[in-house]
Amino acid sequence: MRLERAFFERSPVTQIARELIGMVLCTEIEGQLTKGRIVETEAYAAVGDRACHAHLGRFTRRTRTMYEAGGTAYIYLCYGIHHLFNVAVNQKGVPDAVLIRGVEPLHGVETMLERRGMVKAERRLTAGPGVLSQAMGLTTAFNGHDLCTPGSQIRIEDDGVSAQLQDAIETGPRVGIDYAGEDALLPWRYWLSGSKWKSPAK
DNA sequence: CACGGGATCGTCT
DNA sequence: GACGATCCCGTGT
């Protein structure tokens, strides 16, 4: 079942990031249905988190999407090359977000391979925030897309697996945010223990 | 597997 | 004008 607004419009964001492990990210882009089980996430908090793009109420053309209602896609370009997919959470006006960092391919593998220019479904197909976005057709063109509108091209589904995996989640510091000072130490990265599809980043 | 460097451009200072 | 919530490829072990 599609996750509804009520799932995303909660706090704390760390809890949502944890519960998203095991959920199924689905896209229907250019007529191609792809699905991947979320195995790695990171939480970014509006308050008390220097790593968050919108910390201290920072409001710019880029971050404005984070202030939208929970369940809105926040997609931005990183390093000029990679499209990173996040979901805004919490009430409209509170810019919390969860970054999706790794998925296990479930459906539409041929489409994913084609988009990635690969012939075999090895780890680098969808393990990592930039590569999973490419595999699933997610680009900044979908920034601001509402995941909760029936018929939307992007949605997250609960097939009952997530709840069974909550005891198999590990946590650690987030990746690539040294600029955040001591907030870089917060253990706000979550992953499914032992998953092959976790991003290789340390 | 570890590492080092280059790619590439929107965003903010 | 500087810098990324990254990835890939080459080289070395």
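Note on naming: letters A, B, ... go to the chains in the order of the sequence lines (proteins, then strands), and numbering restarts at 1 for each one.
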Checklist entry - When the ring planes of A:His145 and A:Phe142 are compared, do they come out parallel, tilted or perpendicular, using 30° and 60° as the limits? => result perpendicular
Next on the checklist: I want to check one thing: is the phosphate of B:dT13, taken as OP1 and OP2, less than 4.0 Å away from some side-chain N or O of A:Arg58?
Outcome noted: yes
Next on the checklist: Nearest to the side chain of A:Leu77, heavy atoms from C-beta on, is which of C:dA5, B:dG10, C:dT6?
Outcome noted: B:dG10
Checklist entry - Nearest to the side chain of A:Cys78 - C:dC8, B:dG10, C:dT6? => result C:dT6
Checklist entry - Going by heavy atoms in the side chains, are A:Asn143 and A:Tyr76 under 4.5 Å from each other? => result no
Item to check | Of the listed nucleotides B:dC9, B:dT8, C:dT6, the one nearest the side chain of A:Pro129 | outcome: C:dT6
Next on the checklist: Under 4.0 Å, heavy atoms only, any strand: does A:Leu84 hit a base, just the sugar-phosphate, or nothing?
Outcome noted: sugar-phosphate
Checklist entry - Roughly, in whole Å, what's the span from CZ in A:Phe59 to P in B:dT11? => result 14 Å
Checklist outcome for this item: The nucleotide from C:dC8, C:dA5, B:dA7 with an atom nearest the side chain of A:Tyr74 is C:dA5
Item to check | Member of A:Arg123, A:Glu40, A:Arg124 meeting the side chain to side chain donor-acceptor pair (under 3.5 Å) criterion with A:Ser199 | outcome: A:Glu40
Checklist entry - Does NZ or CZ of A:Arg174 come closer than 6.0 Å to the centre of the six-membered ring of A:Tyr44, within 45° of the ring's axis? => result yes
Item to check | Whole-Å gap separating P (C:dA5) and CG (A:Leu132) | outcome: 16 Å
Next on the checklist: Nearest 0.5 angstrom please: A:Thr27 OG1 to A:Met136 CE, how far?
Outcome noted: 4.0 Å
Checklist entry - Of all the nucleotides listed (B:dT11, C:dC8, B:dT8), which has the minimum atom distance to the side chain of A:Val131? => result C:dC8
Checklist entry - So what's C:dG4 paired with, Watson-Crick or G-U wobble, going by both distances under 3.5 Å? => result B:dC9
Checklist entry - To the nearest angstrom, how far is A:His83 atom NE2 from B:dG10 atom P? => result 10 Å
Checklist entry - How long is the line joining NE2 of A:His53 and P of C:dG4, in whole Å? => result 10 Å
Checklist entry - Can you tell which of B:dT11, C:dA5, C:dC7 lies closest to the side chain of A:Arg61? => result B:dT11
Checklist outcome for this item: From the candidates B:dT13, B:dG10, C:dC8, the one with an atom nearest any side-chain atom of A:Arg116 is C:dC8
Checklist entry - When all nucleic acid strands are considered with a 4.0 Å heavy-atom cut-off, which category describes A:Arg174: base, sugar-phosphate, or nothing? => result nothing
Checklist entry - Can you tell me how far C1' of B:dG10 sits from OH of A:Tyr76, to the nearest Å? => result 12 Å
Item to check | Stacking of A:Tyr79 on B:dA7 base (centres under 5.5 Å, planes under 30°) | outcome: no
Checklist entry - Separation of A:Glu122 atom CD from C:dC8 atom P, in whole Å? => result 10 Å
Checklist entry - Within 45° of the axis and under 6.0 Å from the centre of the six-membered ring of A:Phe7, does NZ or CZ of A:Arg10 qualify? => result yes
Checklist entry - Which part of the nucleic acid, if any, lies within reach of A:Arg189 when heavy atoms closer than 4.0 Å are counted: base, sugar-phosphate only, or nothing? => result nothing
Next on the checklist: When you measure from the side-chain N and O atoms of A:Arg62 to the phosphate of C:dG4, is any distance below 4.0 Å, counting only OP1 and OP2?
Outcome noted: no
Next on the checklist: Categorize A:Ile177 for me: base, sugar-phosphate, or nothing, with a 4.0 angstrom heavy-atom threshold over every strand shown.
Outcome noted: sugar-phosphate
Next on the checklist: By the 4.0 Å heavy-atom rule, please label A:Arg50 as base, sugar-phosphate, or nothing.
Outcome noted: nothing
Checklist outcome for this item: A:His55 atom NE2 is separated from C:dA5 atom P, nearest whole Å, by 12 Å
Checklist entry - Rounding to a whole Å, what distance do you find between A:Ile75:CD1 and C:dA5:C1'? => result 14 Å
